[in-house]
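Per chain, numbering begins at 1; letters A, B, ... match sequence-line order. These numbers were taken from a predicted model, which means no experiment stands behind them.
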Amino acid sequence: MDPFTLFLIFLKANLLSVGGLSALPLLREDLVVHGLATEQQIVEALAIGRLSTGPSGLYVTSLGYFVGGWPGAVAATLAAIVPPLTIVPAAAMLRRQLLSSWFTGLMRGVTISASGLVIATGIGLIEPELPLAQIPIWQFAITAAVAAFTVHGKVHPALLIVGGGLIGLALGR
Amino acid sequence: MTIGTQSVGGGPSTLYLMRQLIVERHGWISLREFLEDWALSRLSMGVHLIALCGLIGARLGGVRGAAISVADMLTPAVAITILITAGYSRISEAPLVRAALAGIGPVTAGLAIGMSLVLIQASARSGRHGITDRALAVAATAAGILAPTSPLPVLAAGLVLGVLFLGGEHKKSPRVEVP
């Protein structure tokens, strides 16, 4: 996969996303459905993104590496940097309009619907290889517990990932 | 700015650390300016933290300031992320790693779901409007489950509904507490 095409795929996902992991559903569509990455690699990239420093949005760097090696990682990172920075000139010129009612409504609509899509994606990531009805209960339990811990923000994500790995070793295939 | 952002390591407490360093310790910008940039950064596309760094950097040193602060925040993090990924790629096929992933998959799913719930909570308005906002979240989730391969129409619907219905109760100050 050439880095420029990869850059465009990641750029599109970031341009159409607002905060958090909201680029994820779009990336999953463009990369997994077209066979460029696997569901497993999405899980791995998300885990590495949380284990590493920096904003959690940097999982795209890891995903870029899986798809295209070092050039892929650089392309994915650049594609993540450009869209949020458009706010800087926008804020300089249109600060008042940006805080206006219709624009905040627009961003609220996109943020909330993107977040709903990420929840759906998250459910799909619990065990990508099995249909929902066949997923073991313990995997659902981990997901529910981690979601609760994340909402309350008391436990560091790295600890949760290590804990999940240990449970996987004990109960996994 | 260099020292300020380089020591900001990430994780959930990044915002709090940034505020401490930039506003309280160094007094580079006022708390009001920080909060305004924070509110603006939440309206940006993509990763909000990058937008916040850009806005604060631009306040301090124009285009150059924005570039330096973003580069400072991201360079160590990107390098570490690439190194971890490269190291991981060497062991990713080991049977032990495969087994551990059976537990790590559900954890990343939980993290993604939890982060989205937090984001929805932060974006939703209070009172009666909050019900509309959360109904949109539920509808988008359902759409995502039923048609997982077409996120674009859902986002477009969210955008249109947002302009039409979610703009009321205009508030300049964010309802959510800044950590």
Side-chain angles (χ1 to χ4, degrees), chain A residues 14-16 19-21 25-26 29 33 43 46-48 52-55 57-58 61-62 65 73 77 80 83-85 87-88 91 98 101-102 105-113 115-120 122 125-126 139 142-143 146-147 150-151 153 157 160-161 164-165 167-169 172, chain B residues 9-10 12 40 43-51 54-55 58 66 74 77-78 80-82 84-85 88 99-120 123 133 136-137 140-141 144-145 148-149 151 154-155 158-159 161-163 166-167 170 172:
Chain A
N14 281 297
L15 281 173
L16 296 168
L21 302 176
L26 289 158
E29 188 202 1
V33 174
V43 166
L46 285 172
I48 291 170
S52 177
T53 57
L58 278 189
T61 303
S62 191
Y65 184 96
T77 308
L85 287 185
I87 193 78
V88 176
L98 284 184
S101 167
W102 73 268
L106 184 157
M107 294 313 275
R108 184 178 287 130
V110 176
T111 306
I112 291 177
S113 48
S115 302
L117 288 175
V118 177
I119 294 178
L125 286 179
I126 298 175
Q139 288 184 313
I142 293 180
T143 301
V146 170
T150 308
V151 170
L160 296 172
I161 292 169
I167 297 177
L169 286 178
Chain B
L40 278 171
L43 299 174
S44 76
M45 298 177 278
V47 181
H48 289 160
L49 202 57
I50 295 176
L55 286 167
L74 287 182
V78 168
I80 292 170
T81 304
I82 295 181
I84 296 179
T85 312
Y88 174 81
L101 275 172
I104 292 175
V107 172
T108 55
L111 289 171
I113 294 170
M115 285 171 71
S116 306
L117 291 175
V118 171
L119 195 57
I120 291 168
S123 314
D133 297 353
L136 175 61
T141 308
I145 293 173
T149 53
V154 180
L155 290 175
L159 186 150
L161 289 173
V163 174
L166 307 189
H170 177 200
K172 279 212 170 90

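Between B:S44 and A:P84, the closest heavy-atom pair is CB-O, 4.0 Å.
Using a 4.5 Å cut-off between heavy atoms, A:S62 contacts chain B through both its backbone and its side chain. Interface remark: A:V33 contributes side-chain atoms only to the contact with chain B (heavy atom separation under 4.5 Å).
The backbone N or O of B:G167 sits less than 3.5 Å from a side-chain atom of A:S101, completing a donor-acceptor pair.
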Report task. Give the C-alpha distance, both sets of side-chain angles, the deciding distance and a yes or no for side chain to side chain contact (heavy atoms under 4.5 Å, CB included) between A:I161 and B:L111. Result -> CA-CA 9 Å; A:I161 292 169; B:L111 289 171; 4.2 Å; yes
Query raised in the report: Should B:L119 and A:V118 be marked as a side chain to side chain contact (heavy atoms under 4.5 Å, CB included) after you check the CA-CA gap, both sets of side-chain angles, and the distance that decides it?
Result: CA-CA 11 Å; B:L119 195 57; A:V118 177; over 6 Å; no
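With respect to chain A, the highest number of heavy-atom pairs below 4.5 Å among B:G158, B:P106, B:G46 belongs to B:P106. Counting heavy-atom pairs closer than 4.5 Å to chain B, the top-ranked of the candidates A:L117, A:V110, A:V88 is A:L117. Per-residue counts of heavy-atom pairs under 4.5 Å with chain B were compared for A:L21, A:I48, A:L125; the largest is that of A:I48. Chain A forms more heavy-atom pairs under 4.5 Å with one residue of B:A137, B:G54, B:A109, B:G144 than with any other, namely B:A109. Interface summary for chain A: among B:I120, B:I80, B:I104, the most heavy-atom pairs under 4.5 angstrom belong to B:I104. With respect to chain B, the highest number of heavy-atom pairs below 4.5 Å among A:I87, A:L46, A:N14, A:L160 belongs to A:I87. The residue among B:A51, B:A58, B:G110, B:G105 with the most heavy atom pairs within less than 4.5 Å of chain A is B:G110. Considering only heavy-atom pairs separated by less than 4.5 Å from chain A, the leading option among B:I50, B:V118, B:I145 is B:I50.
Rounded to the nearest 0.5 Å, atoms CG (B:L55) and NE2 (B:H48) are 11.0 Å apart. How far CD1 of A:I126 is from OG1 of A:T143: 4.0 Å, rounded to the nearest 0.5 Å.
When the side chain to side chain contact (heavy atoms under 4.5 Å, CB included) test is applied to B:L161, the partners found at least two apart in sequence or on another chain are B:L136, B:F165.
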